[in-house]
**Student:** 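One structure, as structure tokens, below. Some questions next.
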Amino acid sequence: MSETSPLFMIVTFVVFVAFFVVDLFVVGRRPHVPSTRECVQHIAFFVAAAVIFGVLVWFFAGSRPAVEFYSGWLTEYSLSIDNLFVFVIIMSNFAVPKRLQKYVLSVGIMVALVLRGLFILVGAAIITRFTWVFFLFGGFLIYTAAKMVFGDEESDEDYQENALIHLLRKVVKVTDTYDGERLRTTVSGVRYWTPMLIVFLTIGTTDVMFAFDSIPAIFGLTKDPFIVFSSNVFALLGLQQLYFLLGALLDKLVYLPAGLSVVLGFIGVKLIMEALHGNTLPFINGGRPIEQVPEVPTWLSLVVIVVAIGGASVASVITMRRMERLGSAHDVNAHDCDDIQ
């Protein structure tokens with residue numbers, strides 16, 4: 001159950017809708033490639049909005065929900081940054097024109113939010129009735145963390161269409177070329193869908209696939225569906241600007257997967273500990289809770305997330321700058337050798 005008042009939740013949802021309406025129908029009316037300044041301004045605005053929202057949650061609901069929100073938002077935001085790798089591949093595979101990519105991301109993210117909202121409602125209903133599902137969530141997160149560290153690093157380089165998109169291609173007529181932002185176009189008097197439809201659904205459904213990692217992770221930090229959903233919204237707001245700002249820098253965040261694996265592994269262990277603490281499975285301790293298992297405080301989760309993600313980001317920046325200096329020194333030495341010759 002949510003600790004936040006219904007009025008506060010209603011106002012929050014109205015503001016969320018306003019954000020997306022303005023982004024899609026006001027800012028998005030002019031297809032363009034956002035400048036670096038525009039990207040930085042939007043990202044700074046949404047980050048500040050998330051920080052302020054956490055303060056408001058603290059004021060209206062208490063410190064615990066506020067800390068849960070910040071923990072969930074940082075986790076979801078970090079996972080979303082990692083998912084931008086796949087968005088880059090999708091845009092490339094579907095040959096989306098650069099000036100249309102912001103619009104595509106806006107609509108795709110809106111589709112993803114609707115699907116994530118349904119996923120969150122289902123997840124909340126499950127965990128309130130079957131606490132043992134935390135064993136499954138925890139085990140899956142630990143497996144995902146291990147896969148991030150020891151898995152095949154080249155697995156994301158080739159995007160594979162999911163079953164929904166593959167089926168859609170068989171039942172509807174789709175052209176090979178885009179017609180601006182239009183979903184429908186006419187070719188030789190025949191109505192076709194443009195590839196824009198496929199791209200929208202691909203971005204949205206692919207993001208839901210990512211939610212199989214992120215939603216269990218945030219349920220390990222809070223059981224409040226409102227906090228879970230608001231964390232997801234703030235993580236996705238500004239994601240399109242981050243896409244353009246980072247661009248080619250994504251592959252230089254070399255330690256981000258390691259930081260995310262620490263976070264997911266920690267939350268996975270936390271979920272299993274909570275499941276043991278509230279155990280009802282008859283083959284574990286006779287179906288009785290194991291009260292000796294300690295409960296992990298919310299503030300500790302926030303500290304682990306900040307240290308892991310912050311440390312991975314700082315280490316990546318240091319490594320990137322070191323490689324740039326080495327590259328510059330190599331170019332200078334090569335130039336000097338050419339002069340001597």
**Student:** Check the pair F134, I272 against side-chain contact (heavy atoms from CB on, under 4.5 Å), reporting the backbone distance first and the verdict last.
**Tutor:** CA-CA 6 Å; F134 283 167; I272 292 176; over 6 Å; no
**Student:** According to a 4.5 Å side-chain heavy-atom criterion applied to Ile, Leu, Val, Met, Phe, Trp and Tyr, with indirect links allowed, do I309 and F46 form part of one hydrophobic cluster?
**Tutor:**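 The answer is yes; both residues are in one hydrophobic cluster.
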**Student:** Can a donor-acceptor pair be found, under 3.5 Å and without considering hydrogens, that links the side chain of H277 to the backbone of M273?
**Tutor:** no
**Student:** What heavy-atom pair brings I218 and I227 nearest, and what distance separates the two atoms?
**Tutor:** CD1-O, 4.4 Å
**Student:** Are Y178 and V96 side-chain neighbours, meaning at least one heavy-atom pair lies under 4.5 Å?
**Tutor:**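 A side-chain contact under 4.5 Å exists here.
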**Student:** If you round to the nearest 0.5 Å, how far is CZ of F234 from CD1 of I52?
**Tutor:** 9.0 Å
**Student:** More than 12 non-hydrogen atoms from neighbouring residues, nucleotides or ligands closer than 6.0 Å to OH on Y143, yes or no?
**Tutor:** no
**Student:** Closest heavy-atom contact between I120 and F219?
**Tutor:**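 Taking I120 first and F219 second, the nearest heavy atoms are O-CZ, 3.7 Å.
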**Student:** Going through the distances and angles, do F69 and W58 end up as a side-chain contact (heavy atoms from CB on, under 4.5 Å)?
**Tutor:** CA-CA 10 Å; F69 167 75; W58 191 306; over 6 Å; no
**Student:** Report the residues that fulfil ring-ring contact (aromatic ring centres under 6.0 Å, His included) with F45, sequence neighbours left out, ordered by chain and then residue number.
**Tutor:** F19
**Student:** Taking all non-hydrogen atoms of both residues into account, name the closest pair between A124 and P225 and its distance.
**Tutor:** CB-CG, 3.7 Å
**Student:** Does the side chain of L136 reach to within under 4.5 Å of the side chain of V133, using non-hydrogen atoms?
**Tutor:**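 The answer is yes; the side chains approach within 4.5 Å.
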**Student:** Within the structure provided, determine whether F140 and T144 are in side-chain contact (heavy-atom separation under 4.5 Å).
**Tutor:** yes
**Student:** Tell me, do W193 and K173 make a side-chain contact under 4.5 Å, heavy atoms counted?
**Tutor:** no
**Student:** When you group the ILVMFWY residues by side-chain heavy-atom contacts below 4.5 Å and let the links chain together, are V17 and V114 in the same group?
**Tutor:**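 Unlinked, V114 and V17 end up in two clusters.
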**Student:** So, the side chain of N279 versus the backbone of I284: is there a donor-acceptor pair under 3.5 Å, distance only?
**Tutor:** yes
**Student:** Is there a donor-acceptor pair under 3.5 Å between the side chain of K270 and the backbone N or O of L221?
**Tutor:** no
**Student:** With heavy-atom distances below 4.5 Å as the criterion, would you say the side chains of V174 and L197 are in contact?
**Tutor:** no
**Student:** Could you work out the complete set of other residues in the hydrophobic cluster of Y192, with links drawn between I, L, V, M, F, W and Y side chains under 4.5 Å apart?
**Tutor:**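 Direct or chained contacts put Y192 with V187, V190.
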**Student:** Between E181 and R99, does any side-chain N to carboxylate O distance fall below 4.0 Å?
**Tutor:**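 No, no charged N to carboxylate O under 4.0 Å.
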**Student:** Is any side-chain heavy atom of T175 closer than 4.5 Å to one of P195?
**Tutor:**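 Result yes, sub-4.5 Å side-chain heavy-atom pair found.
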**Student:** Do the ring planes of W73 and Y77 sit parallel (below 30°), tilted (30 to 60°) or perpendicular (above 60°)?
**Tutor:**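 It falls in the tilted class, 30° to 60°.
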**Student:** Using a 4.5 Å cut-off on heavy atoms from C-beta on, say whether the side chain of R37 contacts that of H42.
**Tutor:** no
**Student:** For Q41, does the CD atom have more than 12 heavy-atom neighbours from other residues, nucleotides or ligands under 6.0 Å away?
**Tutor:** yes
**Student:** Can you get from I126 to L118 by hopping between Ile, Leu, Val, Met, Phe, Trp and Tyr side chains that sit under 4.5 Å apart?
**Tutor:** no
**Student:** Can you measure from CD1 (I142) to CZ (F266) and round to the nearest 0.5 angstrom?
**Tutor:** 11.5 Å
**Student:** Distance from L141 atom CG to L264 atom CG, nearest 0.5 Å?
**Tutor:**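 Answer for the CG-CG pair, L141 versus L264, is 5.5 Å.
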**Student:** Begin from the C-alpha positions of E274 and K223 and carry the test side-chain contact (heavy atoms from CB on, under 4.5 Å) through to its verdict.
**Tutor:** CA-CA 12 Å; E274 288 188 23; K223 310 303 180 293; 2.9 Å; yes
**Student:** Measure across G259 and A312 and return the closest heavy-atom pair with its distance rounded to 0.1 Å.
**Tutor:** CA-CB, 3.9 Å
**Student:** Does the T194 side chain pair with the main chain of R182, one donor and one acceptor, at a distance under 3.5 Å?
**Tutor:**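 Between the backbone of R182 and the side chain of T194 there is a qualifying donor-acceptor contact (under 3.5 Å).
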**Student:** Could you measure the distance from the CZ atom of R64 to the CH2 atom of W299? Nearest 0.5 Å is fine.
**Tutor:**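 So the CZ of R64 and the CH2 of W299 are separated by 13.0 Å.
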**Student:** Got a second to check how far F226's CZ is from S5's OG, nearest 0.5 Å?
**Tutor:** 8.5 Å
**Student:** Would you check if R116 and E76 make a side-chain contact, meaning some heavy-atom pair closer than 4.5 Å?
**Tutor:**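 The answer is yes; the side chains approach within 4.5 Å.
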**Student:** Find the distance between CE (M196) and CG (L183) and round it off to the nearest 0.5 Å.
**Tutor:** 7.5 Å
**Student:** In terms of hydrophobic clustering (I, L, V, M, F, W, Y; side-chain heavy atoms under 4.5 Å; direct or indirect links), are V317 and V262 co-clustered?
**Tutor:**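 Different clusters.
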**Student:** Is Y255 reaching over with its side chain to a backbone N or O of V314, donor-acceptor style, under 3.5 angstrom?
**Tutor:** no
**Student:** List the atom of S78, the atom of L256, and the distance in Å for their closest heavy-atom pair.
**Tutor:**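 Taking S78 first and L256 second, the nearest heavy atoms are O-CD2, 4.4 Å.
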**Student:** Can you name the residues that form a ring-ring contact (aromatic ring centres under 6.0 Å, His included) with F8, not counting sequence neighbours?
**Tutor:**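 Per chain and number, F8 pairs via ring-ring contact (aromatic ring centres under 6.0 Å, His included) with F53, F60.
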**Student:** Transitively linked via ILVMFWY side-chain contacts under 4.5 Å: V14 with M9?
**Tutor:** no
**Student:** Going by side-chain contact (heavy atoms from CB on, under 4.5 Å), L260 matches just one of T75, I305, L79. Which one?
**Tutor:**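 Exactly one option meets the side-chain contact (heavy atoms from CB on, under 4.5 Å) with L260, and it is L79.
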**Student:** How far apart are the closest heavy atoms of P289 and N285, and which atoms are they?
**Tutor:**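 Shortest heavy-atom contact: O-ND2, 3.4 Å.
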**Student:** Test S301 against V296 for side-chain contact (heavy atoms from CB on, under 4.5 Å), laying out the working first.
**Tutor:** CA-CA 7 Å; S301 300; V296 179; 4.1 Å; yes
**Student:** If we ignore hydrogens and angles and just use 3.5 Å, is the side chain of D179 paired with the main-chain N or O of T185 as donor and acceptor?
**Tutor:**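 Not at all, since once roles are kept as given, no pair shorter than 3.5 Å links the two residues.
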**Student:** Would you say Q101's side chain and M91's backbone share a donor-acceptor pair under 3.5 angstrom?
**Tutor:**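 No.
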**Student:** Counting only heavy atoms not in R321, do more than 12 sit closer than 6.0 Å to its CZ atom?
**Tutor:**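 For R321, atom CZ is not crowded (no more than 12 foreign heavy atoms under 6.0 Å).
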